[in-house]
Amino acid sequence: MTNENTLPGTDTAELSGFAALGITGALLKATHAAGFTDPKPIQMQAIPPQLEGRDIFGIAQTGSGKTAAFALPILSKIIGLGTKRRPKTARALILAPTRELAVQIEETIKILAKGAHVSTALVLGGVSRFSQVKKIAPGVDILIATPGRLTDLVREGDLMLADTKWLVLDEGDRMLDMGFINDVRRIAKATAPDRQTALFSATMPDEIAELAKGLLKNPVRIEVAPQSTAAAEIVQSVVLARTKQKRQVLSKMLADEAMHSVIVFSRTKHGADRVTKDLARDGFNAAVIHGNKSQNARQKALNDFREGSVRILVATDIAARGIDVPGISHVVNFDLPDEAESYVHRIGRTGRNGRDGIAITLCDPSENAKLRQVERIIRAKLPVIADHLGSPDPQRDPREKTERHFEPANDREHHGGRRDGRRPASGDNKRFGAKPHGERGPKPQGEGPAAAKPNGSSKPDGFKRFKGNNKRRFGGKRPASRAA
Ligand code: AMP
């Protein structure tokens, strides 16, 4: 393929894949510096038609490289525009369902556009509006927003979308789950009628197909497997434990230092707080991230985890998608998610960028039906690697009379562990599959390829989705809680 945009004299590195796809020369240096030399499949498929002005309907997850797939063509086009922006307008609008994803998208765009004089702004709930309004007052090139706050700013006249010629809807199915779909429709309607639109969704429920029909004009349809399925292996297993036992089981697992970077998923915000507190009591420092936390607290928790200053992040499903933290060794599902599909997104936090990962699900008998749903969706039976159901009920254990829970992890004498609590009883490591990367033994029995690579089979076949009940309009009332 030839590239008309390649500047004469650009070096060989810059003549790599992105130049060949038509990305403007002004972006090639930063793209290359970011380590993006060879375009990923989604980028190869999505960039050329977007540069031609086509709409895109992409079935892809975070991890596939979709951010650059939609950002680079938009950046290329914006750089080519000489005209000035009008106040309170945005040339391009990228809608993301969660604040974390929006922040991540802006970070990526800033890296890719380094030195190219393209302005970006974030519009998110949970943080001061004032600075956001100030930032968009002169007009911005690319606005990245969550639908709720954006709706507020449009309603109050702080932002006009009539000049918005590029619209990206990221994680459409997540928007649907979170009840944003009507906001999205209204926002899209307020943008320029001749806009170019890209819609990305990890799955394709009927509502998303409907949305695509309404918003996209003769789109190019692109479907890619998540990048993590290419080489990575996620070894999945189940530990049977009663809800009351889960605290102790978790603390025992975490005493194994091979679990060096762990996300513990909790179904509810309250549950996430409780798990975090219990971990602290058991001597583990964990950060927590969920929808009741302020934006600053959420970002700090994520940064601490990303930088490795805490090795455990407790999260609700809000963190299950979109967040790309490399090197997560383990995902522990403290409980099963309400939606089986969330399981796939949760475990996809590990096994990223071709590295192996381990996913362990703690399952109380009351969660068996949810476990079956998960197994249906991943089309594999998950091996049970430990069964604590026969153990005595901790609340009836005479040693526990003054404690509501099991004894803390740093007092293990009754379980054959060390009193210092840093190492589990021998054999626990193996049981929890917690070997260092590259030293993993044979897979647990019954584990088929689909189990090892579940993301590739995350089909929502026959799976009922929550339909958000969003009655809000521009000028209407905001629901009290919108996020996990
Ligand atoms: P995304 O799906 O956009 O969140 O991207 C997933 C990860 O892949 C991010 O860590 C990106 O920095 C990385 N990435 C995306 N495109 C490329 C590329 N062409 N080469 C190398 N890394 C990439």
Side-chain angles (χ1 to χ4, degrees), residues 1 3 13-24 27-48 50-51 56 58-76 92 94-114 120 142 144 168-174 198-203 222-232 234 261 302-303 305-307 318-328 344-346 348-355 357 455-456 458:
M1 221 187 288
N3 172 36
E14 291 173 350
L15 290 171
S16 65
F18 286 101
L21 293 181
I23 294 302
T24 182
L27 292 168
L28 295 177
K29 207 167 166 192
T31 304
H32 192 254
F36 293 23
T37 43
D38 301 315
K40 295 197 175 207
I42 190 167
Q43 294 157 358
M44 287 196 269
Q45 292 179 57
I47 289 173
Q50 284 177 100
L51 287 172
I56 296 286
I59 308 294
Q61 290 192 342
T62 293
S64 57
K66 65 184 160 66
T67 313
F70 62 71
L72 285 172
I74 292 175
L75 284 167
S76 283
I94 298 166
L95 285 179
T98 64
R99 295 174 269 191
E100 285 76 11
L101 181 60
V103 168
Q104 197 171 285
I105 292 170
E106 195 200 28
E107 277 168 8
T108 303
I109 290 178
K110 278 183 166 164
I111 291 170
L112 296 176
K114 202 169 172 205
T120 63
I142 302 184
I144 303 108
V168 177
L169 310 173
D170 201 5
E171 300 204 339
D173 49 358
R174 187 72 174 148
L199 166 60
F200 289 89
S201 188
T203 56
I222 289 163
E223 187 157 359
V224 294
Q227 191 255 346
S228 59
T229 62
I234 303 171
S261 178
L302 204 55
N303 290 346
F305 184 58
R306 191 174 270 141
E307 287 156 12
I318 199 165
R321 294 195 200 187
I323 304 308
D324 185 38
V325 177
I328 294 173
V344 178
H345 295 293
R346 286 179 175 191
R349 296 314 95 205
T350 180
R352 295 181 82 71
N353 292 327
R355 290 168 73 172
N455 289 356
S458 66

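Sequential numbering from 1 along the given sequence is applied to the chain's residues. Note: hydrogens, waters and symmetry copies are ignored here, and every other heavy atom, side chains too, is used. Counting starts at 1 for both ligands and their atoms, in listed order.
- Ligand 1 has no nitrogen or oxygen under 3.5 angstrom from a nitrogen or oxygen of T37.
- Geometrically, ligand 1 and D38 share a nitrogen or oxygen pair separated by less than 3.5 Å.
- Residue contacts with ligand 1 for F18 involve side-chain atoms from C-beta outward but no N, CA, C or O (heavy atoms, distance under 4.0 Å).
- Of all heavy-atom pairs spanning V224 and A60, the tightest one is CG2-CB, 3.6 Å.
- Residue T67 has at least one heavy-atom neighbour below 4.0 Å for each of these atoms of ligand 1: 1 (P), 3 (O), 4 (O).
- Nearest-residue assignment for atom 17 (C) of ligand 1 (options Q104, K40, E107; heavy-atom criterion): K40.
- The residue T108 has no part lying near ligand 1, judged by heavy-atom distances below 4.0 Å.
- Taking the side chain as every heavy atom from C-beta outward, F200 and I56 approach each other to under 4.5 Å.
- Contact atoms of ligand 1 toward G65: 1 (P), 2 (O), 3 (O), 5 (O), 15 (C) (distance under 4.0 Å to a heavy atom of the residue).
- A search for salt bridge (Lys or Arg N to Asp or Glu O under 4.0 Å) contacts involving K110 returns E106, not counting sequence neighbours.
- In summary, the atoms of ligand 1 found under 4.0 Å from a heavy atom of G35, numbered by their order in the structure, are 20 (N), 21 (C).
- Atom-to-atom distance recorded for F70:CZ and I47:CD1 is 11.5 Å, nearest 0.5 angstrom.
- In terms of modelled atom types and a separation under 3.5 Å, the side chain of T120 and the main chain of I142 share no donor-acceptor contact.
- For S261, there are no side chain to side chain donor-acceptor pair (under 3.5 Å) partners, not counting sequence neighbours.
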